[in-house]
Amino acid sequence: MSKNNPNIHIIKAEGLLGLLKNKHLLLDTSVFIDAFNHFEEFARFFNECKRGNVTIVTVNPVIAEFTKGVENTKKLSEKLSFVDSIIDIKLPISPDIFNKYIPNLVSQYKAKGKSVSYVDFILAGLVDKYERDLVLLTKNPVDFPLSVFNLYSYFVIKMDRALQVYGIYQAKLKKQIKKKK
Amino acid sequence: MKKQVSDQLPVVKKQKLINIKEFSKLARRVKRIFMEEEERLEQEQSQYPYHQSRRAIGLT
């Protein structure tokens, strides 16, 4: 239970931590924003993950989204320290994400891709590339449609007068796609 | 010869746990920074007619 707000809890889907074991969990920008709004719950959740050998990661475009708009270098370094205190490593983005995976996803998304940000395509490309080992944590179900991704698991943040759902998305395994065809 | 970039995900030997006390302090400071940014953005938007605002030209 939180000291700063006793009415906030994270309710995890059954078996969530077991499913995440030994995986890399990629964080979207919305996670960092909620992590400072509900810091105790998120810190505990991240620590549970880390104890289960989950590696918490993000990428530079997400960090840019989170830090943009800062007035000065002191505030920038505080935001960066906040990100660094959560993640275990920053994932590099290899050229094939831009040359192969994103173009492939653009064709899979079809009309749904029109409003998707480029940062979200980068995250989607990484999830697609590392289909077995990397899953994405996001509050944004619109840009990660279930026609392209599997909803691997989820958790709910229960607040006094609101509920927020976080999805954990995995790429549809290439084997599954081939079988369907 | 160009150095090959590994296609494997980088792994860490041991994940670093979050120190909740330190994290709480940092989170409060970051929250304040975001609130200041929001206020500044609102002020900026209220100073300009809509057609000149950041939102109108798609920057926010």
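Treat the numbers as computed from the prediction; the structure is a model and nothing was measured. Each chain gets a letter, A, B and so on, in the order the sequences are listed, and its residues count up from 1.
- Open room surrounds NZ on Lys90(A); 12 or fewer heavy atoms of other groups in view lie less than 6.0 Å from it.
- Using a 4.5 Å cut-off on side-chain heavy atoms (C-beta onward), Leu134(A) and Leu9(B) make contact.
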Derivation of the side chain to side chain contact (heavy atoms under 4.5 Å, CB included) call for Asn47(A) and Ile20(B): CA-CA 9 Å; Asn47(A) 279 348; Ile20(B) 296 186; 4.3 Å; yes

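- Hydrophobic clustering (ILVMFWY, side-chain heavy atoms < 4.5 Å, transitive): Ile168(A) and Leu19(A) are in one cluster.
- With hydrophobic clusters built from ILVMFWY side chains whose heavy atoms lie under 4.5 angstrom apart, Leu163(A) does not share a cluster with Met159(A).
- Residues Arg28(B) and Phe39(A) form a side-chain contact, since some pair of their non-hydrogen atoms from C-beta on lies under 4.5 Å apart.
- For Leu126(A), no part lies near chain B; criterion is any non-hydrogen pair under 4.5 Å.
- A distance of 8.0 Å separates CD of Glu78(A) from CZ of Arg32(B), quoted to the nearest 0.5 Å.
- The aromatic rings of Phe66(A) and Phe34(B) sit tilted, their planes meeting at an angle between 30° and 60°.
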Run the side chain to side chain contact (heavy atoms under 4.5 Å, CB included) test on Val11(B) and His24(A) for me, step by step, so that the C-alpha distance in whole Å, both residues' side-chain angles and the decisive distance to 0.1 Å come before the verdict. CA-CA 9 Å; Val11(B) 262; His24(A) 282 55; 4.2 Å; yes

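- Linking Ile, Leu, Val, Met, Phe, Trp and Tyr whenever their side-chain heavy atoms come within less than 4.5 Å puts Leu105(A) and Leu151(A) in one cluster.
- Val54(A) touches chain B through its backbone: at least one of N, CA, C or O sits under 4.5 Å from a heavy atom, while the side chain does not.
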Quick one, Ser85(A) with Ile18(B), criterion side chain to side chain contact (heavy atoms under 4.5 Å, CB included). Give me CA distance, side-chain angles, the key distance, then yes/no. CA-CA 6 Å; Ser85(A) 67; Ile18(B) 296 170; 5.5 Å; no

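- Between Phe42(A) and Phe23(B), the distance separating the two ring centers is not shorter than 6.0 angstrom.
- Looking at Asn53(A), the atoms closer than 4.5 Å to chain B (heavy atoms on both sides) sit in the backbone and in the side chain alike.
- Annotation: the span from Ile33(B) atom CD1 to Asn72(A) atom CG amounts to 8.0 Å, rounded to 0.5 Å.
- With hydrogens and angles ignored, the 3.5 Å screen pairs no side-chain donor or acceptor of Asn37(A) with any backbone N or O of Lys31(B).
- Residues Arg51(A) and Leu17(B) are in side-chain contact: their nearest non-hydrogen atoms beyond the backbone lie under 4.5 Å apart.
- Residues Ser24(B) and Glu40(A) have side chains that never bring a donor and an acceptor to within less than 3.5 angstrom of each other.
- Grouping the Ile, Leu, Val, Met, Phe, Trp and Tyr side chains by contacts below 4.5 angstrom, directly or via other members, places Met35(B) apart from Val30(B).
- Of the listed residues (Arg40(B), Gln15(B), Glu36(B), Glu22(B)), the one with the most heavy-atom contacts under 4.5 Å to chain A is Gln15(B).
- Under the 4.5 Å side-chain heavy-atom criterion for grouping Ile, Leu, Val, Met, Phe, Trp and Tyr, Tyr154(A) is not connected to Tyr169(A) through any hydrophobic cluster.
- Ion pair Lys75(A)/Glu37(B) not flagged as a salt bridge, since none of the NZ, NE, NH1 or NH2 atoms sits closer than 4.0 Å to an Asp/Glu carboxylate oxygen.
- The minimum heavy-atom distance between Leu91(A) and Pro10(B), with the atom names listed, is CD2-CD, 3.6 Å.
- Put simply, NZ on Lys16(B) and CZ on Phe46(A) are 11.5 Å apart, with the number rounded to the nearest 0.5 Å.
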